[in-house]
Amino acid sequence: DGLRVADGEYSGKLEILYLNGNLESAQTDPFTLDSVAPQAKLETEYKLFSPDGDGNKDQFVAAQESITDDFWIGYVRNEQGDVVREYRWGSVLQDFNWDAKDSNGNQVPDGQYSYELRSEDEAGNRTSYLIEDIIIDTRPTSLFATIDLPAIAPGKDIGRDSQTINLFINMREGIETWQVDIINNKNQSVFVYSGNTATASFNVNWDGKNSSGEIVEGEYRARFSVKY
C-alpha cells in the first residue's frame, strides 16, 4: 500500500521459485529502520562570564541531558567560526562546563563565542543545538559612590531633607543586579535600593528612613555593589 512502516529492526528476504518446483531463498542480516534524529536538552542560566578566579561565574555552564542513546560532540567556536575546544560524550550527556581555555589549555581572549552540541546516529539522522552570544569579559570593574551633604535633617525644613548618593560604574554590560545599602554604625542595612540596569552615572536619594518608614538618626554610609 506504499505506507511507511514503523521504525524497528528488519531484514530482507529473496525467494526464487523455479519452473521445476525448486524454491531457493536468501536473507540479509538484520538492519535498523530509524527515522528519528538524536534528541537532547540544552540550556544555560547565563551567557556572560569572567574567568578571573574570583569564584563568581568563572566558568560557562550549560545543563544538557540526552534523551536518546547516541554519541554526542560539543564544539566551542570563536567569532570567526573556528573551533577552539571540542568535547565528546557517549550515550549519556553530562553538564557542560567551559573554563575559557582552548584545546591546548591556553586561556582564550575576551570576546564572543558559541557552543554547539551535535549528534549523528547510525542511520544518518543528524541534530544540533546551539547557544550563541557567549561572552567572556575579564575587564576590571570600577565603581564608586559620593554624597552631596555631610549631614541631613529630614522634616526640619532647612533644605536638607534627603541625602543624594551619586553612583558611578565603568562597565554596564551584563549587569544582573546592582544594590545600594544604607549601613548604620553596627554594619546593619536599614534601607536598600536595587535595580538591574544602570547608566554610567546615576543617583539615589535617601530620606533618612528605614525600611519601615521611620526616621533613624545616627551615622550612616552607603555601600554600592554590582553583580554580573
Side-chain angles (χ1 to χ4, degrees), residues 36-68 70-121 124-145 166-180 193-204 223-228:
V36 178
Q39 298 179 54
K41 294 180 180 179
L42 176 65
E43 58 185 11
T44 184
E45 294 184 357
Y46 58 86
K47 295 194 287 186
L48 171 67
F49 72 112
S50 177
D52 53 12
D54 66 354
N56 180 34
K57 294 183 179 178
D58 286 326
Q59 295 188 342
F60 173 73
V61 180
Q64 52 188 26
E65 177 186 355
S66 51
I67 299 175
T68 55
D70 296 285
F71 182 80
W72 296 89
I73 305 177
Y75 299 102
V76 178
R77 292 185 173 89
N78 59 20
E79 291 184 76
Q80 291 72 42
D82 302 320
V83 175
V84 298
R85 189 81 175 264
E86 181 178 312
Y87 295 80
R88 293 177 179 266
W89 294 274
S91 59
V92 179
L93 277 173
Q94 298 174 344
D95 286 348
F96 173 66
N97 295 270
W98 182 41
D99 57 4
K101 294 181 180 179
D102 62 19
S103 297
N104 296 318
N106 301 312
Q107 184 82 29
V108 298
D110 286 7
Q112 185 171 303
Y113 296 81
S114 66
Y115 171 62
E116 182 184 16
L117 179 65
R118 298 179 60 181
S119 181
E120 179 177 351
D121 62 22
N125 299 305
R126 299 176 182 177
T127 192
S128 67
Y129 301 87
L130 182 65
I131 298 177
E132 298 181 293
D133 302 324
I134 301 169
I135 305 295
I136 297 176
D137 193 339
T138 57
R139 292 176 297 171
T141 302
S142 176
L143 60 152
F144 61 96
N166 305 294
L167 307 165
F168 304 88
I169 183 170
N170 72 324
M171 193 170 70
R172 302 176 302 281
E173 300 87 356
I175 290 177
E176 184 174 325
T177 58
W178 61 262
Q179 183 168 307
V180 176
Y193 299 89
S194 63
N196 52 27
T197 59
T199 56
S201 62
F202 61 106
N203 60 61
V204 297
R223 182 175 63 201
F224 182 31
S225 58
V226 178
K227 181 180 180 182
Y228 290 89

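The shown structure was predicted, so the numbers you read here are calculated from the model rather than taken from an experiment. Residues: numbered from 1 along the sequence shown.
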K.L.:
Of the non-hydrogen atoms in Ala100 and Pro51, which two are nearest, and what is the gap between them?
P.N.:
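Smallest interatomic distance, heavy atoms only, reads CB-CG, 3.6 Å.
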K.L.:
Ignoring hydrogens, what is the shortest heavy-atom contact between Tyr129 and Pro38? Give both atom names and the distance.
P.N.:
OH-O, 4.1 Å
K.L.:
Given side chains that start at C-beta, do those of Ser50 and Tyr228 come closer than 4.5 Å, heavy atoms only?
P.N.:
no
K.L.:
To the nearest 0.5 Å, what is the distance between CZ (Phe224) and CG (Leu143)?
P.N.:
5.0 Å
K.L.:
I need the minimum non-hydrogen distance between Gln39 and Trp72, along with the two atoms involved.
P.N.:
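Closest approach of Gln39 to Trp72: O-CZ2, 3.4 Å.
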K.L.:
Is a side-chain N or O of Asp137 found less than 3.5 angstrom from the main chain of Arg139, in a donor-acceptor match?
P.N.:
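Yes.
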K.L.:
Spell out, as yes or no, whether a donor-acceptor pair under 3.5 Å connects the side chain of Asp58 to the backbone of Gly53.
P.N.:
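Checked: pair present.
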K.L.:
Salt-bridged, Arg88 to Glu86, with N to O below 4.0 Å?
P.N.:
yes
K.L.:
Quick check: do Glu65 and Leu93 have side-chain heavy atoms less than 4.5 Å from each other?
P.N.:
no
K.L.:
How many angstroms lie between atom CD1 of Ile134 and atom OG1 of Thr44, to the nearest 0.5 angstrom?
P.N.:
7.5 Å
K.L.:
So do the side chains of Val108 and Tyr113 get within less than 4.5 Å of each other, counting heavy atoms only?
P.N.:
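A side-chain contact exists here, since the closest heavy-atom pair is under 4.5 Å.
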K.L.:
Could you walk me through whether Glu176 and Tyr46 pass the side chain to side chain contact (heavy atoms under 4.5 Å, CB included) check?
P.N.:
CA-CA 10 Å; Glu176 184 174 325; Tyr46 58 86; 6.0 Å; no
K.L.:
Restricting to non-hydrogen atoms, name the atom on Phe49 and the atom on Lys57 that form the minimum distance, rounded to 0.1 Å.
P.N.:
CB-O, 3.2 Å
K.L.:
Show, in sequence, the C-alpha distance, side-chain angles and deciding distance for Asp52 and Thr138, and conclude whether the side-chain hydrogen bond (donor to acceptor under 3.5 Å, both in side chains) test is met.
P.N.:
CA-CA 6 Å; Asp52 53 12; Thr138 57; over 6 Å; no
K.L.:
Flag the pair Lys41 / Ile67 as yes when at least one side-chain heavy-atom distance between them is below 4.5 Å, and no otherwise.
P.N.:
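Contact flag for Lys41/Ile67 side chains = yes.
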K.L.:
Once you measure the plane-to-plane angle for Tyr115 and Phe96, does it fall in the parallel (<30°), tilted (30-60°) or perpendicular (>60°) bin?
P.N.:
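Rings of Tyr115 and Phe96: parallel, under 30°.
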K.L.:
Give, for atom CG of Leu42 and atom CD1 of Ile131, the distance between the pair rounded to the nearest 0.5 Å.
P.N.:
4.0 Å
K.L.:
Of all the heavy-atom pairs spanning Phe71 and Ile73, show the shortest one and how long it is.
P.N.:
CE2-CG1, 3.6 Å
K.L.:
Supply the atom-to-atom distance Trp98 CH2 to Ile136 CD1, rounded to the nearest 0.5 angstrom.
P.N.:
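It comes to 3.5 Å.
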K.L.:
For Asp99, is there an ion pair with Arg85 - N to carboxylate O distance below 4.0 angstrom?
P.N.:
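Salt bridge: yes.
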K.L.:
Between Val204 and Val180, which heavy-atom pair has the shortest distance, and what is it?
P.N.:
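Taking Val204 first and Val180 second, the nearest heavy atoms are CG2-CG1, 4.5 Å.
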K.L.:
Do Ser114 and Arg77 have side chains that approach each other closer than 4.5 Å (heavy atoms only, starting at C-beta)?
P.N.:
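Result yes, sub-4.5 Å side-chain heavy-atom pair found.
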K.L.:
Using 0.5 Å steps for rounding, measure from the CG atom of Asp121 to the OG1 atom of Thr68.
P.N.:
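The CG atom of Asp121 sits 7.5 Å away from the OG1 atom of Thr68.
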K.L.:
Out of curiosity, Lys47 NZ to Asp133 CG, how far, rounded to the nearest 0.5 Å?
P.N.:
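If I round to the nearest 0.5 Å, the distance is 5.0 Å.
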K.L.:
Less than 4.5 Å apart, any side-chain heavy atom of Phe202 and any of Thr197?
P.N.:
no
K.L.:
Is there a side-chain contact between Tyr87 and Leu117 (heavy atoms, below 4.5 Å)?
P.N.:
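Tyr87 does not reach Leu117 side chain to side chain.
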K.L.:
With a sphere of 6.0 Å drawn around CD of Gln94, does it hold more than 12 non-hydrogen atoms of other residues, nucleotides or ligands?
P.N.:
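Incorrect, the count does not exceed 12.
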K.L.:
Using side-chain heavy atoms (C-beta onward) and a distance below 4.5 Å, is Ile175 in contact with Ile169?
P.N.:
yes
